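Predicted model, so just to flag it, every value in this text is computed and none were measured. We count ligands from 1, going down the list as the structure has it; atoms in each ligand are counted the same way.
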Amino acid sequence: MQITAVTLHSIGMPLVGAFTTSFKRQVEREALLIELTADVAGDSVTGWGECVALPDPLYSSEYLSGCAEVIGRFLLPRLVHHDVTAETVQHHLRPVKGHRMAKAALEMAVLDAQLRAAGQSFASYLGATAARVPSGVSVGIHDTVGELVEAVGGYLDAGYVRIKLKIEPGNDIEAVRAVRTEFGDELPLQVDANAAYTLADGPHLRRLDAFNLLLIEQPLGEEDLRQHAVLACQMTTPMCLDESIVSVESAADAIALGAAAVINVKAGRVGGYLEAKRIHDLARANGIAVWCGGMLETGLGRAANVALAALPGFTLPGDISASDRFYAEDITRPFVIEDGHITVPTGPGFGVEVIPERLRQTTTATTQLSLA
Ligand code: NPQ
Ligand code: MG
């Protein structure tokens with residue numbers, strides 16, 4: 001395809017409730033959407049992408065306004081003079097170091113346009129087999145254990161099949177104990193530290209082994225692969241990596257080092273859905289379970305994540321929640337949870353449409369990028 005126009009849409013959507021992690025308390029989701037129009041065999045087609053970076057570099061080194069700049073100054077100029085396909089975007093962008101969430105958003109928009117032109121759904125393009133995927137939920141840190149237990153109860157009533165608790169030093173053991181005590185040993189339960197601990201906390205973290213957790217996610221720093229391998233030997237709870245896995249190569253390193261028994265796959269964090277598929281295939285070949293992580297995406301990213309999670313190697317419930325976990329109103333049709341699952345879209349592209357009125361209501365800035 002020949003890219004003919006690219007517009008960046010900055011939007012803001014209030015969260016239905018504050019979402020607190022070890023790195024930040026969030027009450028709003030600011031997001032960056034890419035609207036990309038291209039000429040595909042003489043037809044003009046528009047695809048959409050979503051950049052999952054946060055407004056500040058607290059989850060990873062990328063941040064939204066930086067992504068917008070990198071896309072306009074360094075990434076798009078490398079695509080406009082080529083007849084690109086989704087499969088060649090990463091090749092054209094490889095000379096630019098890092099900026100994986102920015103690259104992923106561009107590849108996503110090209111992929112959506114390509115699939116729409118072909119009349120093909122993302123799920124069928126991936127070779128995904130499942131018609132629906134199990135829905136897990138990420139539960140933030142609460143001021144009191146009582147409020148946390150009440151929140152978890154609400155999500156279980158809503159049908160979520162797996163609970164993930166955000167933890168941090170001082171908000172960990174007692175929170176997990178209270179949820180286990182209230183909902184029993186059979187509840188699929190896991191924790192996510194967002195890199196809030198060090199290896200010196202090993203003896204403390206080992207106390208979590210008493211609670212039959214599915215996994216502990218990213219307890220240590222994103223660059224601490226070897227230390228995760230050491231901690232994995234000290235704990236019986238399976239080690240899961242999130243922030244540390246930024247490419248199929250880093251996934252291979254983590255697996256080889258014994259630093260990851262499970263991998264949280266996020267397309268934005270690894271440079272796109274095609275790289276996410278490669279990590280799925282690698283993990284599957286190594287008998288490593290993967291699940292689809294979430295970045296509080298709008299319905300656009302959520303649609304793509306649901307299709308990704310429909311691949312056979314995604315054997316654990318993902319952080320693919322219903323739209324109303326975070327948003328009173330989405331910018332696409334809402335994703336709803338039915339009997340603990342979310343249905344895989346079957347329409348062309350990612351199978352959802354951006355609702356113009358919702359885009360207008362949530363837009364904070366619109367930037368038409370020059371293709372010169
Ligand atoms: C994680 N996601 O798995 C991330 C962390 C996270 C669902 O826990 C705005 C945008 C706020 C993305 C807060 C979940 C966010 C965010 C937390 C991602 O580590
Ligand atoms: Mg995480």
message = Salt bridge or not between Asp319 and Arg162? Use side-chain N to carboxylate O under 4.0 Å.
response = yes
ask   = Would you call Arg358 and Glu329 a salt bridge, using N to O less than 4.0 angstrom?
value = yes
key: Nearest non-hydrogen protein atom, atom 6 (C) of ligand 1   = Phe23 CZ, 3.9 Å
task = Please report the shortest heavy-atom distance between Ala267 and Ala276, naming the atom on each side.
result = CA-CB, 4.1 Å
Polar protein atoms near the Mg ion (ligand 2) [N, O or S; cut-off under 2.8 Å] = Asp192 OD2, Glu217 OE2, Asp242 OD2
key: Sub-4.0 Å heavy-atom contact, Gln218 with ligand 1   = no
query = Are Ile279 and Phe314 connected in a single hydrophobic cluster, I mean Ile/Leu/Val/Met/Phe/Trp/Tyr linked by side-chain heavy atoms less than 4.5 Å apart?
reply = yes
message = Whether the side chain of Lys103 engages the backbone of Gly98 through a donor-acceptor N/O pair (distance < 3.5 Å, no angle test) should be reported.
response = yes
inquiry  = With a 4.5 Å cut-off on side-chain heavy atoms, are Leu8 and Leu369 touching?
reply    = yes
ask   = Do Ile255 and Ile263 have side chains that get closer than 4.5 Å, going by heavy atoms?
value = yes
request  = Verify the neighbour count for atom CD of Glu223: are there more than 12 heavy atoms of other residues, nucleotides or ligands below 6.0 Å?
outcome  = no
key: Best match, Leu296, Thr21, Leu15: closest heavy atom to atom 16 (C) of ligand 1   = Leu296
key: Sub-4.0 Å heavy-atom contact, Lys24 with ligand 1   = no
